[in-house]
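Below is one structure, written out as structure tokens, with a few remarks after it.
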Amino acid sequence: MATINPIAQLGGLARRLVQDGLLAQDQAAKAIEEANAAKRPLVSHLVTSGAVGAREVAVAASMEYGVPLFDLDAIDPASMPASLVDEKLVRKHHALPLIKRGNRLFLAVSDPTNHQGLDEIKFHTGLTTDAVLVEEDKLAAAIEHSMQAQETAMTDLLDEDLENLDIGVAEDEAQDKDANLDVDDAPVVRYVNKVLLDAINSGTSDIHFEPYEKVFRIRFRQDGMLHEKASPPINIASRLSARLKVMARMNIAERRVPQDGRIKMVLSRNRSIDFRVNTCPTVYGEKIVLRILDSSAATLGVESLGFDERQRRDFVNAISKPYGMVLVTGPTGSGKTVTLYTALNMLNQPEVNISTAEDPVEIQVTGINQVNVNPKTGLTFAEALRAFLRQDPDIVMVGEIRDLETAEISVKAAQTGHLVLSTLHTNDAPQTLTRLANMGIPPFNIASSVNLILAQRLARRLCEHCKTIDEVPRDALLEEGFTEKDVAEGLSVYKPVGCEKCTKGYKGRVGIFEVMPVSDTMGKLIMEGGNAIQIRDLARTEGLQELRASGLAKVKAGVTSLEEINRVTKD
């Protein structure tokens, strides 16, 4: 009769430890019994009792179950997506989120047999879970560190700069009926202030606070691109939203409809920053977006916009005329407002009366009479323009020509001795003239009132500290639009790399312009009913540098990359 090997009666890990000589057979049997009695994993019991070292247990488990072994010391705890899994699940299953790649979540575990735990985390996160084996003692320490970091995430951000900030908050905040939302909670207040200050210091244009089912993320738009900057615990989402709404003087009890507000942050005696705030109800809470309105952006001077010499000369000549229209076109976020305010700052003199109608006023400038249009009360662009023309204006800026009525009044103002600056949403300069005609403006009035049309885009600047030469084949350069002469002269094209002084190889933005003065010949073509194609052909003969050509010139000068120009100008 065959005898049964006593070792074979032990479980997988215990058997491996006995075979490796790390544990005696009776010790293994006793450890299994004690672990079951204490309702804890065998791995945890062996390490905490000191029966076997954590490293030896981890190596044995890795060999026994074929699970890869990882050293937790090799990863920065701050980079772990700990907030993806609820603290209760982390502690219950002794599993810590390690890395997230696409829809796969790698979990650090010390007991790879806990399949139930992996399945439960998979169910709650909606992600495919994979186990990565780590040492028990390091895992326990990492879990405690991670949980403590989440608990104190709001309180460890105290900064001397935050104490000196003066931020506009509703006067009746203390009397708000929803006091249970803890909008005055000091850690939340400091955290929000820190986010706003970080955004200002990093040159951010917009801040996105976004709640989802399991996570809450904060993204910054830097140089036109969104980047995730923080992921605070989802359980404080309502407090963050309430705090922002109180600061923006909104109704924090109303969560079903969008709201608009404004926050003012005083950084010093000479500098303050305004934030335009909008809330939008989503499936999992209110998404809040803050637009940073920094008036210093419009005081840099025309030289910093990115014009070449001829474009700068044409632009300055057009805004120097006593009457006529200067139109700036381009998509949302292409820098039209900064271009217009750069012009207004050049024209802002004590002897000149300047009035603007905007929706809303983004950059506040002393010496310019600025009006927020409000269609709900009847204060439209057209009504504001009518009022301006009764107030002895020299220069008028209209935020956007949206309808025939506003266009007609703007043209009339330009024909009666006023300089009118405005914007339209068209793709390029020639299309703007035909757009006005399609709106119902007679061709004669267009030809006699429009001085110049400027189409623009914003491209990210390459970081001067880390950009490197991009080896692009000759044929590819020609196909992109460079000339044989450019290539023959040894054209150098640069690409982004990325360093500590930039964001993914880019830092700052530069304008890409198409500046088209309306000449007498072009005015005649407009009156004859010329279309956008005919106008563009004429403009080319008059020396128009189109958006694409302007972008390629920036690539040739090493200011930006070919990839970036393709992103903003290629059809």
**Study point:** Residues forming a salt bridge (charged side-chain N to carboxylate O under 4.0 Å, His left out) with Arg390, sequence neighbours excluded
**Key:** none
Review point. Going by the salt bridge (charged side-chain N to carboxylate O under 4.0 Å, His left out) test, which pairs reach into residues 341-350, not counting sequence neighbours?
Key: none
Point to revise | Residues forming a salt bridge (charged side-chain N to carboxylate O under 4.0 Å, His left out) with Lys287, sequence neighbours excluded | key: Glu210
Practice item. For Glu464, check salt bridge (charged side-chain N to carboxylate O under 4.0 Å, His left out) against everything at least two apart and list the hits. Key: Lys467
Study note, to complete from the structure: By side chain to side chain donor-acceptor pair (under 3.5 Å), Arg386 pairs with (sequence neighbours left out) Glu383, Glu405
**Study point:** Test salt bridge (charged side-chain N to carboxylate O under 4.0 Å, His left out) applied to Glu228 - qualifying residues, sequence neighbours left out
**Key:** none
Review point. How would you list all residue pairs meeting side-chain hydrogen bond (donor to acceptor under 3.5 Å, both in side chains) that involve residues 368-377, not counting sequence neighbours?
Key: Tyr341-Gln370, Asn353-Asn369
Exercise for review: Could you name each residue pair satisfying side-chain hydrogen bond (donor to acceptor under 3.5 Å, both in side chains) that touches residues 453-463, not counting sequence neighbours?
Suggested key: Thr339-Gln456, Arg460-Glu564
Exercise for review: Sort and list the pairs that fulfil salt bridge (charged side-chain N to carboxylate O under 4.0 Å, His left out) and have at least one residue in residues 415-439, not counting sequence neighbours.
Suggested key: Asp428-Arg536
Study note, to complete from the structure: Sorted by chain and number, sequence neighbours left out, side chain to side chain donor-acceptor pair (under 3.5 Å) with Asp359 holds for Arg402
Point to revise | Trace of the salt bridge (Lys or Arg N to Asp or Glu O under 4.0 Å) decision for Asp274 with Arg262 | key: CA-CA 7 Å; Asp274 285 342; Arg262 202 176 185 101; 3.6 Å; yes
Review point. Is Lys122 salt-bridged to Glu120, going by a charged N under 4.0 Å from an acidic O?
Key: no
**Study point:** Modelled atom types, side-chain donor and acceptor of Thr406 and Asp403, under 3.5 Å
**Key:** yes
**Study point:** Lys245: partners by side chain to side chain donor-acceptor pair (under 3.5 Å), with sequence neighbours left out
**Key:** Glu286
Review point. If you measure from the Lys or Arg side-chain nitrogens to the Asp or Glu carboxylate oxygens, is any gap between Asp198 and Lys229 under 4.0 Å?
Key: no
**Study point:** For Thr503, side chain to side chain donor-acceptor pair (under 3.5 Å) partners two or more places apart
**Key:** none
Review point. Any chance the rings of Tyr212 and Tyr284 have centres within less than 6.0 Å?
Key: no
